[in-house]
Amino acid sequence: SAVGAGSGRTALQLRSTCGPLVGRSLFPCTLAASVKQDDATSTHLDLPSWPSVVELSIAAKRFLTGAAFLSVVIANGVFVDEARAAQPAKEAAAGATMPAEAVEKKIEEKAGLFAEILKDLQDAYVEPVDIDKLAETGYNAMLSSLDPFTEFENPQAAQQMKVQTYGNYGGVGLLIAKPVTEKGAEGEYINVMGAMEGFAYQDGMRVGDKVLAIDGTDCKNLGVTAASELLKGPPGTKVTLKIQRPGVGVLDKDLMRRVVLLRDVPLATTLGTESDGIGYVKLQGFSASATQELAYVISRLQQKAPLQTLILDLRGNPGGLLQQAIKVADLFLKEGDAIVTTRGRTVQPQDDGSGPSSSSFETKYSAQSITASTSSGTYVFHPPLLDPQTKLVVLVNRQTASAAEIVAGAIQDHDRGVIIGEQTFGKGLVQQLQPLGKGVSKIKYTIGKYYTPSGRCIQSKTYQEAGPGAVGTKASQITDDQRKVFYTDAGRSVKDAGGIEPDVPVTAPSAGQLERELERREAFFKFANEWQAEHATDGAELVTSDQAIVTDEVYRSFQRFVREELKGFESPFDKSLDLMQDALRESGYDEAVGDVRNLKQHLSGLLLDEFRRDEKPIRKRVEMAIRSRFAPESTLLAMGLDGDVQVEKALEIAKDEGKYLTLINPPAKGKPEQLSLASQNPTPGPAVQ
């Protein structure tokens with residue numbers, strides 16, 4: 001992302017085609033993006049009509065979901081140079097440190113010592129050493145002592161970050177992984193865990209397909225990374241897969257390698273009755289195409305029918321590019337409304353050569369007009385895109401982080417919508433990604449903090465060194481008595497230092513012990529394989545019907561499958577009981593060992609009793625696993641909204657205008673005089689505490 005001096009914004013070009021509406025859903029929608037830099041002041045994002053594009057490799061599923069993705073993508077691509085150019089609000093120098101020559105000399109000494117250590121280990125260590133691995137371990141140990149988000153990115157990690165940032169890569173659009181055996185080891189063959197719409201799904205690949213060979217290379221015992229490399233190649237080239245499909249047998253599939261767009265908006269649809277006028281959009285990331293995708297589907301929803309309410313689902317959204325968060329907020333806020341302020345430290349050399357001095361920078365971003373070029377001409381878009389009369393409900397949870405928190409915080413601080421769900425992650429730090437050496441490796445490090453329009457920083461933790469002899473940092477949760485109160489435009493009180501707290505708290509039910517164990521043992525996936533094999537001829541027809549697939553008989557079959565095929569279920573107490581058995585044997589209490597063994601069996605039986613107690617969520621998991629073999633991702637996401645307690649609360653508030661207005665415009669309580677950002681201390685302290 002690059003911005004021009006003084007503007008802090010980017011120009012936008014939008015051109016897209018979308019398939020016909022299916023029922024009341026707006027997807028699948030075909031979008032593709034490329035980035036071109038025209039000049040020093042703007043970045044244009046072209047969205048050409050959907051080409052025959054495609055691919056994803058499965059390592060993708062690992063970094064697109066869960067903690068692995070969170071730790072990488074939470075980086076909010078804001079750059080120090082950009083911040084300085086956009087608004088060089090510098091404080092007086094905090095005071096000179098040591099002279100510049102002394103600083104350079106000290107850095108050279110430390111780097112020389114590190115090189116000497118590596119040389120000695122290479123020459124004299126008892127076993128041969130991997131210098132690259134040792135050096136990378138040293139880099140990571142140094143950086144991890146600062147905060148969890150400051151990292152060294154080796155070439156592989158840097159490439160992964162590039163995919164996440166720009167939202168596209170070359171491949172075939174498959175998510176692949178190896179199933180786990182009963183003993184916890186990896187299986188022999190790679191399985192398809194996901195086939196992307198518009199790409200591998202359209203080429204006939206399905207969840208559950210076992211990959212036997214790629215372009216003639218036997219995939220038995222082949223690792224996921226190696227298989228991913230075989231799937232990659234220049235766009236326009238073909239790759240042939242030999243697969244085995246449950247109930248069908250061995251098939252050959254020719255897939256075309258293409259440029260795959262990772263959608264930030266996987267689902268846009270309407271909920272309730274047509275007269276309710278309720279739109280729903282899931283935004284799952286903030287890559288370079290996030291704003292275009294979201295703007296397009298909002299426009300479609302508003303054109304299709306009068307839109308009374310929009311539900312924006314940010315649950316599980318780990319963040320992404322800062323500029324995309326700002327432009328997404330543009331779609332909902334009035335022109336001129338503040339969106340976010342970033343503050344950090346910078347070091348400037350002194351003209352007298354006395355050494356660098358530390359000063360601060362502050363950059364403010366607000367909703368501004370955007371120039372949009374389409375096939376019919378160039379237009380100036382004045383925010384907001386969403387009709388100000390349309391109610392806005394935002395769903396968040398504990399995995400809503402970073403850029404997603406910027407959007408939710410701006411909407412809350414301007415009382416533009418109601419936030420529903422759970423307290424968010426609480427990441428208020430901004431990272432810069434900087435090339436190293438020849439640009440193959442990179443370093444990602446924290447350069448500042450961000451503040452919502454009311455002036456609050458939502459960072460929920462501080463970080464200190466782990467202690468003598470330890471590697472990494474020790475995180476400290478900011479306590480409630482340390483949090484400060486701020487006020488929204490309407491005078492509602494909100495707190496800093498703890499993420500975004502919802503206006504309407506709704507906690508999603510957590511998975512029970514049995515459901516977690518079934519997931520760990522991949523019981524849902526394996527049972528879906530068996531069901532698919534038994535319904536090879538009528539499975540697709542059953543899935544497209546309005547009837548539930550998991551009838552009482554199917555649910556009983558699943559229970560039998562678990563008891564017969566997946567033996568040895570573990571309760572949360574098994575490891576402790578195993579230790580107790582070992583201690584009893586060592587102490588000579590052999591008779592008591594049998595009692596502990598009986599207790600383990602009893603607890604395992606109680607665990608299986610959860611089939612009855614947690615029947616509803618387990619049934620739903622089985623239903624989704626089976627349908628994933630025949631239906632695309634957007635269909636599964638829409639199905640997943642059924643019975644979602646947070647979505648149900650959003651619908652309830654969307655239909656009750658009085659309650660909605662009361663939540664965002666509470667009765668006057670004598671709102672205290674509010675401090676502006678400019679009147680607060682613009683130096684928040686070091687980015688890492």
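Side chains are part of it too, since the values below use all heavy atoms of this structure and drop only hydrogens, waters and symmetry mates. All residue numbers in this chain count up from 1 along the given sequence.
Judged purely by distance below 3.5 Å, without hydrogens or angles, the side chains of T488 and D413 never pair a donor atom with an acceptor atom. Remark: the R398 side chain and the Q423 side chain contain no N/O donor-acceptor pair separated by less than 3.5 Å.
Summarising the geometry of A338 relative to P453, their closest heavy-atom pair is O-CG, 3.2 Å, with the distance given to 0.1 Å. L392 approaches L386 most closely through the heavy-atom pair CD1-CD2, 4.2 Å. Of all heavy-atom pairs between G316 and N397, the closest is N-OD1, 3.1 Å. Closest of all the heavy-atom pairs between A288 and Q324 is O-NE2, 3.3 Å. Of all heavy-atom pairs spanning L294 and V265, the tightest one is N-CG2, 3.9 Å. P383 and D330 make their closest contact through CB-O, 3.0 Å (heavy atoms, listed as atom of the first residue, atom of the second, distance).
Around atom CD of E657, no more than 12 heavy atoms belonging to other residues, nucleotides or ligands sit under 6.0 Å away. The environment of K461 atom NZ is sparse: at most 12 non-hydrogen atoms of other residues, nucleotides or ligands sit within 6.0 angstrom.
The side-chain heavy atoms of E422 and V396, taken from C-beta on, include no pair separated by under 4.5 Å. For the pair Y487/V494, no side-chain contact is recorded, criterion being any heavy-atom separation below 4.5 Å from C-beta on. By the 4.5 Å heavy-atom criterion applied to side chains, L261 and S289 are counted as neighbours. Annotation: side chain of E405 is in contact with side chain of Y450 (closest heavy-atom distance under 4.5 Å). D337 is not listed as a side-chain neighbour of R416, based on a closest heavy-atom distance of 4.5 Å or more. Side chains of Y365 and T363 form a contact here, defined as non-hydrogen atoms less than 4.5 Å apart. Proximity of Q434 to K442: side-chain heavy atoms (C-beta onward) are nowhere separated by under 4.5 Å. For the pair L663/V504, a side-chain contact is recorded, criterion being any heavy-atom separation below 4.5 Å from C-beta on.
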Full working for side-chain contact (heavy atoms from CB on, under 4.5 Å) between I458 and I500: CA-CA 7 Å; I458 55 88; I500 303 298; 3.7 Å; yes
Check against side-chain contact (heavy atoms from CB on, under 4.5 Å), L651 and T309: CA-CA 9 Å; L651 289 171; T309 305; over 6 Å; no
side-chain contact (heavy atoms from CB on, under 4.5 Å) between L271 and V647, intermediate numbers included: CA-CA 10 Å; L271 302 176; V647 172; 4.1 Å; yes
Test side-chain contact (heavy atoms from CB on, under 4.5 Å) applied to S287 and D264, step by step: CA-CA 7 Å; S287 71; D264 286 310; 2.5 Å; yes
Trace of the side chain to side chain donor-acceptor pair (under 3.5 Å) decision for Q431 with Y445: CA-CA 5 Å; Q431 276 77 41; Y445 57 96; over 6 Å; no
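With respect to K659 and E652, a salt bridge is recorded, a charged nitrogen being found less than 4.0 Å from a carboxylate O. A salt bridge links R492 with D503: the distance from a Lys NZ or Arg NE/NH1/NH2 to an Asp or Glu carboxylate oxygen falls below 4.0 Å. Ionic pairing of K495 and D480 is present here: one or more N-O contacts between side-chain nitrogen and carboxylate oxygen are shorter than 4.0 angstrom. Salt-bridge formation is detected for the pair R483/E501: a Lys NZ or Arg NE/NH1/NH2 atom is positioned less than 4.0 Å from an Asp or Glu carboxylate oxygen.
With values rounded to the nearest 0.5 angstrom, I406 atom CD1 is found 9.5 Å from I339 atom CD1. Put simply, CG on D644 and CG on L395 are 7.5 Å apart, with the number rounded to the nearest 0.5 Å. Going from atom NZ of K162 over to atom CG of L433 covers 11.5 Å, rounded to the nearest 0.5 Å. Here the CG atom belonging to L636 is positioned 11.0 Å from the CG atom belonging to L641, to the nearest 0.5 angstrom. We find the NZ-SG distance between K427 and C457 to be 10.0 Å, quoted to the nearest 0.5 Å. Taken to the nearest 0.5 Å, the CG atom of L307 stands 9.5 Å off from the NZ atom of K391.
In this structure, the side chain of T400 engages the main chain of L314 through a donor-acceptor pair within 3.5 Å. Formation of a donor-acceptor pair under 3.5 Å by the N317 side chain with backbone atoms of A404 is not found in this model. Distance alone, capped at 3.5 Å, is enough to place a donor-acceptor pair between the K444 side chain and the F149 backbone. Q202 places a side-chain N or O within donor-acceptor distance of the main-chain N or O of G198, the cut-off being under 3.5 Å. When atom types are taken as modelled, the side chain of K649 and the backbone of G421 share no donor-acceptor pair closer than 3.5 angstrom. Side-chain atoms of N665 do not come within 3.5 Å of backbone N or O of T662 as any donor-acceptor pair. A donor-acceptor pair under 3.5 Å links the side-chain atoms of Q302 to the main chain of D387, judged by distance alone. With S460 contributing its side chain and G426 its backbone, the two residues share a donor-acceptor pair below 3.5 Å.
Remark: R343 fails to qualify as a cation-pi partner of F361 under the 6.0 Å distance and 45° angle criteria applied to the six-membered ring.
Residue K449 is tested with L429, T342, T341 for a side-chain contact (heavy atoms from CB on, under 4.5 Å); the sole match is L429.
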